[in-house]
Visitor: 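Questions regarding the structure given below will be posed in turn.
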Amino acid sequence: MSELKFVFGDPDTCTGCMICVNVCSMYYFKVISPARSKVRVIRIEPGLDFPLFCRNCEDAPCINACPEKALSRTSKGIVIVNNRKCVGNGACVIACPYNAITINPDTGKAIKCIQCGQCVKRCPVDAIWTTTEEGLKKKDSDGRLARIYDEQKSELYNKEASK
Amino acid sequence: MKGVAGTILWADMTNRGIEKKPIDEELVKKYLLGAGFLSKVIYDMVPPGTDPLSSENVLGIATGLLTASMFPQASRHVVAALSPLTDVWGESHAAGFWGPELKFAGYDAVMFTGASEKPLYLNIADDNVELLDAEGLWGKDVFETDDILRERHGKECRTLAIGQAGENLVRFAAIMNDRDRASARSGLGAVMGSKKIKAICVRGTGKIEVADEKNYLSHMDEFYRRMLANPFTPGRAKYGTTSLVELMQHIGRLPSYNMKQGVFEGYEKISGDAINAQYFVKPRADFSCLQRCARYTKVSSGPYAYEGGAPEFETQSSMGSRCGSDNLESVLYGHHLSNQYGMDTISLGGTISWAMECWDEGLITAEDTGGLELNWGNHEVIVKLTKMIAAREGFGDLLAEGSFRAAQKIGRGTEKFVMHVKKQEFAGQEPRAQKSMGLAAATAARGADHLYAFPVLDEAGFDEDIKKRFGEEYLPEMADRLNPTYKGIMVKECEDYMVMIESVGLCKYGTQIPPEFFYDDIALTLKIHNGLDLTRDDLQLIGERIVNLNRLFNVRLGISRKDDQIPKRLTDEPAPLGPPKGQVVELNQMLDEYYEQRGWDLETGLPFMETIRRVGLEEEAKGIALPQ
Ligand code: SF4
């Protein structure tokens, strides 16, 4: 299962422009709205801009958390929401350790990144890319990215702060 | 209408009342949003005789029609009121995330009337809008205010605030947003302070619907492709505007020693390369911005240690060359302090450099300054005065009035060293090296200013664009910085275009320099975003209407040709050094051409009645004696 893909970003390169956020809400919901986007961008001083996505965890706690069994993993390894089953009770939102799932206020259904790559190809500074745990380790051989993410994790994944 | 929130917030500071009113679509068709909208609303509500710092003034903060769209650099909002610095039309603009957030919360603009006795702040959380007690915030700087409000109302909130300078009614106080974005010119931070509005905290979870959902993204893809392919974009990413120091030195347009000259021997030390070599951390962008000219910088140690937003060219010149200082760390830190206290660095540097020249001339002495020595380049004093001005302490209290009023108070011939138009300090363009900038400063509604027209087409080889926009017959004169010919035509055209851009909420970067996008691109975007059918001619006429309305606002206050003047130094004293050596600004020749283009009377500079009719302002002009 190590081939699970996810989108990841470099907070030293990301400018915080939110184009990825806008692309996502426009592509999927035909509106411009950070609250309806599957990617969040968080600015944290000193000088960091984090584009944040579903990390496609191997154990995917969101799948297990859903009492409606609305989340599942496809044969390509993507965790998707079945809109017919989702009732928007938010158990996945609570279970996600990365605060990467939200409920779309219009549809009442959970939304999450499915690694479609629409934002990746439009990021003006190539700050985001699709990768795997292994690929990321290789790219981050000096541990810079791991360290920055770890240092800021309480702010990045704090669900209260993003209410 | 699509693409907008559809509601204007009205906050009555006297009675602590909030009202929500639907956007007036007829008004939008005539003036768009942003600058145009505020021009009309404030024109109707603020009559002559109003004291800018009284409860009678009206402060408006408005997004544009395309703010929070996906167009490149669609992040901007406009603030406007009667200016306490110039006593005429006051307007200023900023990028950031605050404007888009306001839209997502459901509002296109916030209008403040009246004044509160005690400090309040406006908290907007979607439908929930409240004026709350700001007692614990009053006295705090801009960064502290942002920290406290986001701690209190949620980290994802965006804030707009004044610092101590606005509270203390410094006449060039800025309104700050997203910590280090500034609506700096015209002193509107003082208007906010006089109404006792400390901040506006916004959180919006709404959405912007667009008119053409189907083709929206593919149009944006094409705009993004063009923006990224523009040869200017890599340089913007690398330097922002900081490398203009080198370019301006090269053409002799870098204001130095209070605009005595346009070259500065220490320019390399305050240049873009100098910043990049030692202090640059990363480029930053505002909402939907591909050009990323914002910088994040760090001075690691010493008295000027700080980390945060970096100066742009304007501050490098105003707190550097203009004051004869080549101490880069003090420029970076001075900029940071100005953000923290919320002040316009242009007027700040302009005012300090005026005092420095007066000191040099022996007109201001230690007796006036409380012992401070205002020698050229004394960076310690520049930083000290920055703090003293924000706090209105000692000599800083006098300088907080701006150079024009300070000189009026001191007298002794210091008046002749005030580099201003309509009481506002010149920005970083020594006009003897670029004549169009002299004319633009003279005619700008808000006083000395490069942005109202932003006539940069003669700056660096935009001959092709001149050909496209005006026609081949205007070359080579129009493209020649030192030739006054056709500059009236250029400034008029640029003003009309730029006020329109400020009314749709886009950045001047991308629409004017580089001139990648023009009327047709804006018209297309207004169609797919807002569903508006406006042609290039319609948009040009709207721009012209706004400029004329700003003029009427000022005419009502007694402004005429006599006020569209720049300091004698620039019109009568030949530039002493560098590439423009021997040049003066042929202002009157350019003004004649400009008025003629505008349909304004050459003698008085007032719009002819016929012009007013053509741009549809008969109602507004009622009661004003205009030439027939
Ligand atoms: S588009 Fe790229 S630079 Fe902009 S916020 Fe997203 S990841 Fe960052």
Side-chain angles (χ1 to χ4, degrees), chain A residues 10-37 40-52 99 102-107 116 118-119 121-127 148 152 154-163, chain B residues 3 68-70 72-75 97 100-101 103-104 126 143 146-147 150-151 153-157 178-180 203-210 212-214 216-217 220-221 224-225 227-228 233 237 281-298 307-309 529:
Chain A
D10 186 338
D12 284 329
T13 307
C14 172
T15 64
C17 72
M18 295 180 72
I19 285 174
C20 51
V21 172
N22 297 339
V23 165
C24 185
S25 66
M26 179 54 64
Y27 188 80
Y28 286 101
F29 302 111
K30 305 290 175 214
V31 293
I32 302 159
S33 173
R36 287 154 185 81
S37 174
R40 293 184 295 144
V41 174
I42 293 191
R43 176 165 288 188
I44 297 179
E45 304 306 3
L48 298 168
D49 295 273
F50 289 90
L52 298 167
N99 195 10
T102 47
I103 305 290
N104 180 327
D106 299 330
T107 61
C116 72
Q118 290 294 330
C119 59
K121 71 178 183 197
R122 291 182 177 91
C123 171
V125 297
D126 296 326
I148 305 177
Q152 304 295 343
S154 65
E155 184 140 344
L156 294 180
Y157 310 127
N158 179 349
K159 284 170 198 162
E160 274 318 298
S162 59
K163 276 280 131 42
Chain B
S69 75
M70 288 180 69
Q73 292 88 239
S75 77
F97 299 89
E101 195 75 22
K103 280 251 201 281
F104 297 136
D126 292 323
F143 305 146
D146 180 70
D147 288 340
R150 289 169 62 234
E151 198 55 54
H153 297 291
K155 281 268 175 347
E156 296 192 355
C157 294
D178 299 291
R179 297 177 83 89
D180 61 7
R203 175 75 181 115
T205 62
K207 59 188 171 187
I208 299 297
E209 292 177 346
V210 303
D212 184 358
E213 308 178 340
K214 205 163 137 255
Y216 197 82
L217 209 46
M220 291 306 149
D221 280 339
Y224 292 174
R225 189 196 61 70
M227 191 73 258
L228 290 175
T233 299
V281 178
K282 71 183 276 199
R284 271 223 166 132
D286 292 304
F287 186 91
S288 198
C289 168
L290 289 87
Q291 295 194 80
R292 51 198 188 273
C293 68
R295 326 268 81 199
Y296 192 84
T297 41
K298 180 174 178 172
E307 200 166 332
H529 189 76

Visitor: Counting heavy-atom pairs under 4.5 Å with chain A, which one of Glu307(B), Lys298(B), Met227(B) comes out on top?
Guide: Glu307(B)
Visitor: Checking heavy atoms, do the side chain of Arg284(B), its backbone, both or neither come under 4.5 Å from chain A?
Guide: both
Visitor: Salt bridge check: are Arg179(B) and Asp147(B) linked by an N-O gap of less than 4.0 Å?
Guide: yes
Visitor: What's the shortest heavy-atom distance between Phe287(B) and Ala68(B), and which atoms?
Guide: CE2-CA, 3.6 Å
Visitor: Under 4.5 Å, counting heavy-atom pairs only, tell me which of Ala35(A), Gly47(A), Ser33(A) racks up the most with chain B.
Guide: Gly47(A)
Visitor: Does the Ser288(B) side chain pair with the main chain of Met70(B), one donor and one acceptor, at a distance under 3.5 Å?
Guide: yes
Visitor: Please identify, among Val31(A), Ile32(A), Val125(A), Ile42(A), the residue contributing the most non-hydrogen atom pairs under 4.5 Å to chain B.
Guide: Ile32(A)
Visitor: Please classify the contact of Asp12(A) with chain B as side chain, backbone, both or neither, using a heavy-atom distance under 4.5 Å.
Guide: backbone
Visitor: Given heavy-atom pairs under 4.5 angstrom as the criterion, report whether the side chain, backbone, both or neither of Val23(A) touches chain B.
Guide: both
Visitor: Suppose we screen for side chain to side chain contact (heavy atoms under 4.5 Å, CB included). Which residues come up paired with Cys17(A), at least two apart in sequence or across chains?
Guide: Thr15(A), Ile19(A), Pro124(A), Ala285(B)
Visitor: Would you find a donor on one side and an acceptor on the other, under 3.5 Å apart, between the side chain of Arg150(B) and the backbone of Lys155(B)?
Guide: yes
Visitor: Answer yes when Lys282(B) and Asp49(A) have at least one side-chain N-carboxylate O distance shorter than 4.0 Å, and no when they do not.
Guide: yes
Visitor: Which one wins on heavy-atom pair count under 4.5 Å against chain A: Tyr296(B), Tyr224(B), Phe104(B)?
Guide: Tyr296(B)
Visitor: Using non-hydrogen atoms only, which part of Cys123(A) is less than 4.5 Å away from chain B: side chain, backbone, both, or neither?
Guide: neither
